[in-house]
Asker: 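To start, I am sharing the structure in question, which I have written as structure tokens.
Chain A is the first sequence line, chain B the second, and so forth, proteins listed ahead of strands; every chain is numbered from 1.
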4 protein chains.
Amino acid sequence: MKKNKPKYRQIIDAAVIVIAENGYHQSQVSKIAKQAGVADGTIYLYFKNKEDILISLFENKMGHFVEMIEEKIAGKVRAAEKLLMMVETHFHILSQDKHLAIVTQLELRQSNIDLRQKINAILKGYLGLIDSILLEGKKTGEFASNLDVRLARQMIFGTMDETATTWVMNDQKYDLTALAPEVHRLLISGCKSQ
Amino acid sequence: MKKNKPKYRQIIDAAVIVIAENGYHQSQVSKIAKQAGVADGTIYLYFKNKEDILISLFENKMGHFVEMIEEKIAGKVRAAEKLLMMVETHFHILSQDKHLAIVTQLELRQSNIDLRQKINAILKGYLGLIDSILLEGKKTGEFASNLDVRLARQMIFGTMDETATTWVMNDQKYDLTALAPEVHRLLISGCKSQ
Amino acid sequence: MKKNKPKYRQIIDAAVIVIAENGYHQSQVSKIAKQAGVADGTIYLYFKNKEDILISLFENKMGHFVEMIEEKIAGKVRAAEKLLMMVETHFHILSQDKHLAIVTQLELRQSNIDLRQKINAILKGYLGLIDSILLEGKKTGEFASNLDVRLARQMIFGTMDETATTWVMNDQKYDLTALAPEVHRLLISGCKSQ
Amino acid sequence: MKKNKPKYRQIIDAAVIVIAENGYHQSQVSKIAKQAGVADGTIYLYFKNKEDILISLFENKMGHFVEMIEEKIAGKVRAAEKLLMMVETHFHILSQDKHLAIVTQLELRQSNIDLRQKINAILKGYLGLIDSILLEGKKTGEFASNLDVRLARQMIFGTMDETATTWVMNDQKYDLTALAPEVHRLLISGCKSQ
DNA sequence: CATGAATGAGCTTTCATTCAT
DNA sequence: GATGAATGAAAGCTCATTCAT
């Protein structure tokens with residue numbers, strides 16, 4: 001399995017740094033290779049093509065998001081609490097990795113539609129996590145029984161995403177994680193049963 | 001004033017169609033010129049460069065958004081009603097122009113950071129409109145006096161944007177405008193004063 | 001005759017200024033037209049094409065060179081004196097018109113071979129003047145009877161030209177005309193009969 | 001060192017031929033690449049850009065001029081003899097390479113001011129060689145002690161250059177090298193002490 | 001005579017990918 | 001497995017010239 005060889009990670013980590021520092025369109029394969037300390041051709045021993053680096057990168061990092069969040073919400077009982085942990089963890093991971101935040105919030109969005117479709121497929125896992133919390137909340141009566149799960153999920157994801165992007169575009173100069181409780185409060189109101 | 005000459009509009013309209021149909025990176029200047037029925041060189045009599053077409057396009061359309069919404073909310077008294085009109089109008093305009101929806105929700109986001117900064121500057125006008133409604137709602141006591149306007153605005157814009165993008169990525173196959181009331185309800189709950 | 005109409009001169013004068021200030025390759029027809037205070041299209045009422053402006057310009061100015069020199073040497077008896085007047089006048093005219101010096105010594109040489117052939121044809125008149133002085137000197141015994149007129153002419157013209165070009169490339173910051181006597185002395189030595 | 005790799009020379013040699021045969025402005029990079037038997041992109045592995053090909057070409061060839069002349073004059077004692085060797089060698093090298101003569105005497109002069117400045121910097125080496133011969137001649141008393149070295153150098157270079165250019169513009173149809181002794185005689189007269 | 005909006009051909013350079021070593 | 005030299009397709013923009021008014 002290539003994914004476990006050291007050069008695989010080396011190349012992905014190099015890609016995050018190179019893209020964050022140079023921008024998506026200035027991140028040539030040769031630049032990533034140099035940062036990773038391998039030859040250009042070596043990249044193609046681990047990835048089908050350039051797009052495959054980006055997809056793998058996103059898959060890898062998004063998997064980390066889902067894992068971390070699942071771990072954090074495991075002990076929580078109420079859906080509202082789980083949502084709070086999700087927002088907090090989401091913001092926290094981005095706060096921890098300056099480069100990753102730039103790459104996911106800004107640079108990767110410059111990719112073409114094809115790549116974006118694939119990124120969306122990967123995102124499904126994360127969106128499914130939101131859905132499951134919402135469904136659970138509806139089942140326990142914590143959330144309104146007629147809550148539109150798809151719309152609520154779009155609100156939750158759209159709000160976290162917009163908040164994170166604004167923070168990155170403002171050069172990450174304030175504390176993103178500190179915003180989690182208020183963002184959570186805004187989101188939760190619409191979901192609750194009266 | 002070049003902006004009032006027929007070829008200016010002709011080129012912008014052509015750009016929307018060409019970009020929606022071919023994607024941002026496959027929209028060569030020559031393709032836009034052909035669609036507009038002018039020579040390649042003519043483009044450069046009306047626009048500084050290719051990027052300028054996109055900026056002008058966005059400025060133009062976003063101006064239309066703001067105008068339409070301002071017109072619609074003019075007669076409304078309550079902030080909540082104004083927000084409903086905004087969501088409805090936002091969704092309605094996108095529903096009316098299949099090509100425009102693709103361009104603003106998907107293609108324009110592939111632009112580089114420079115262009116995105118300019119797009120953001122244009123967006124400021126729209127975000128300001130949201131802010132003014134929120135502030136008014138706080139003043140009249142309709143919204144919580146401690147509502148964080150910036151976060152609330154990010155929720156509102158992020159939710160509308162995410163909802164619209166999901167709709168476009170699903171090939172616009174359901175009725176976006178019909179979602180306005182429920183989206184509005186989700187958004188408004190968090191803003192209201194108890 | 002178009003050459004006597006005011007706009008003809010206006011355009012030539014504009015060309016000298018524009019080329020001197022912007023360089024040969026940055027002297028678009030539209031720039032010359034603007035400087036001349038006429039519309040782009042008007043240029044083509046007076047000149048066949050862009051090259052024709054340059055040829056006419058050179059013809060015009062070189063004719064002036066020949067006229068001035070012929071006038072100056074008219075009263076001189078000895079060939080050596082005539083050569084001195086030629087060098088002096090050549091350097092003097094260039095010293096008087098900063099723009100013209102840049103155009104003839106630097107910018108016009110960037111033209112393509114076709115144009116250069118035509119410029120050379122015009123130069124023939126000037127070179128013929130040198131030849132006639134040399135032939136006269138040989139006839140009167142002032143110059144060696146076996147002097148190779150073609151080579152001597154190439155020395156004379158080559159030296160004046162190189163001296164003038166070096167002066168222009170040094171930003172015309174010393175007195176070119178003052179060099180005439182010494183240049184003349186260097187040139188004349190090889191021509192004289194023992 | 002790229003300059004020693006075979007493709008470096010291959011491309012320079014191709015450039016000389018292509019420029020001589022097609023003219024400066026009709027020498028597209030693709031044409032040079034084809035003549036050199038490499039891909040267009042390969043050019044850019046060896047040269048920064050198109051201009052760099054020309055500068056390198058000139059540097060290369062002019063270095064050859066200086067080397068050859070230095071070699072030839074090494075055994076000569078008198079400055080006058082050295083000058084003769086210089087003129088002869090200068091003419092000889094051009095006579096030997098039809099293409100090179102066209103490129104240096106005609107085509108390279110069409111370059112813009114920037115490139116010409118760089119060419120002039122390279123020429124400095126050659127002009128310095130002339131100066132050193134003149135200074136030596138002054139020191140040994142062979143040349144007049146009050147000889148203006150700069151003007152004499154301009155005469156020498158200007159005359160050789162004009163003679164060579166005239167020869168090229170006459171399709172190299174007479175023997176340039178045969179002119180060296182008479183050119184030398186013309187030049188030397190003005191320098192000698194009485 | 002004069003205008004100036006419109007035309008459209010033409011070219012340097014980049015960079016993802018390959019493949020001989 | 002690893003290398004990195006070589007490939008070659010692809011596109012934005014300029015500007016001399018025209019011609020309807």
Asker: A side-chain contact here means heavy atoms from C-beta on lying under 4.5 Å apart; do A/I19 and A/L54 qualify?
Answerer: yes
Asker: Tell me the partner of E/dA2, counting only Watson-Crick (N1-N3 plus N6-O4 or O6-N4) or G-U wobble (N1-O2 and O6-N3) with both under 3.5 Å; none if nothing fits.
Answerer: F/dT21
Asker: Write down the distance between CD (C/Q28) and P (F/dC13), rounded to a whole number of angstrom.
Answerer: 16 Å
Asker: If you only use heavy atoms from C-beta on, which nucleotide in F/dT17, F/dC15, E/dC15 is closest to the side chain of C/Q26?
Answerer: F/dC15
Asker: Can you classify the ring geometry of A/Y8 versus A/F47 as parallel (below 30°), tilted (30 to 60°) or perpendicular (above 60°)?
Answerer: parallel
Asker: Atom CD of B/E51 and atom C1' of F/dA11: how far apart are they, to the nearest Å?
Answerer: 16 Å
Asker: Hey, does C/R109 have a side-chain heavy atom less than 4.5 Å from the side chain of C/T165?
Answerer: yes
Asker: Which of these nucleotides, F/dA16, F/dC13, E/dA16, is closest to any side-chain atom of B/N49?
Answerer: F/dC13
Asker: Between the protein and nucleotides 5-7 of chain E, are there any N/O to N/O pairs under 3.5 Å, and if so, what are the atom names and distances?
Answerer:
unit_1, atom_1, unit_2, atom_2, d
E/dA6, OP1, B/K7, NZ, 3.2
E/dA6, OP2, B/Y46, OH, 2.7
E/dT7, OP2, B/A39, N, 3.0
E/dT7, OP2, B/T42, OG1, 2.2

Asker: In whole angstrom, give the distance that lies between atom CZ of D/F47 and atom P of E/dT12.
Answerer: 15 Å
Asker: Judged by each residue's nearest nucleotide on DNA chain F, which is more toward the 5′ side, C/S30 or B/K50?
Answerer: B/K50
Asker: Distance check needed: E/dG8 C1' versus B/I32 CD1, whole Å only.
Answerer: 17 Å
Asker: Is any side-chain heavy atom of B/N60 closer than 4.5 Å to one of B/R9?
Answerer: yes
Asker: Is the shortest heavy-atom distance from the side chain of A/Q110 to the side chain of A/H25 under 4.5 Å?
Answerer: yes
Asker: Would you find a donor on one side and an acceptor on the other, under 3.5 Å apart, between the side chain of A/T42 and the backbone of A/V38?
Answerer: no
Asker: For E/dA9, which nucleotide is its Watson-Crick or G-U wobble mate, given both distances must be under 3.5 Å?
Answerer: F/dT14
Asker: If I take atom CG in residue C/L115 and atom C1' in nucleotide F/dA16, what distance separates them, rounded to the nearest angstrom?
Answerer: 15 Å
Asker: Between C1' on F/dA10 and NZ on B/K31, what's the gap in Å once rounded to a whole number?
Answerer: 12 Å
Asker: Rounded to the nearest angstrom, tell me the gap between atom NE2 in D/H25 and atom P in F/dT14.
Answerer: 18 Å
Asker: Measure CG/D/D52 against P/E/dT12 and give the value in whole Å, please.
Answerer: 15 Å
Asker: Classify the nucleic acid contact of D/V29 as base, sugar-phosphate or nothing, counting any heavy atom under 4.0 Å across all strands shown.
Answerer: base
Asker: Between E/dT18, E/dT13, E/dC15, which one does the side chain of A/Y44 approach most closely?
Answerer: E/dT18
Asker: Which pair of non-hydrogen atoms, one from B/Y24 and one from B/K50, has the smallest distance, and what is that distance?
Answerer: O-NZ, 4.3 Å
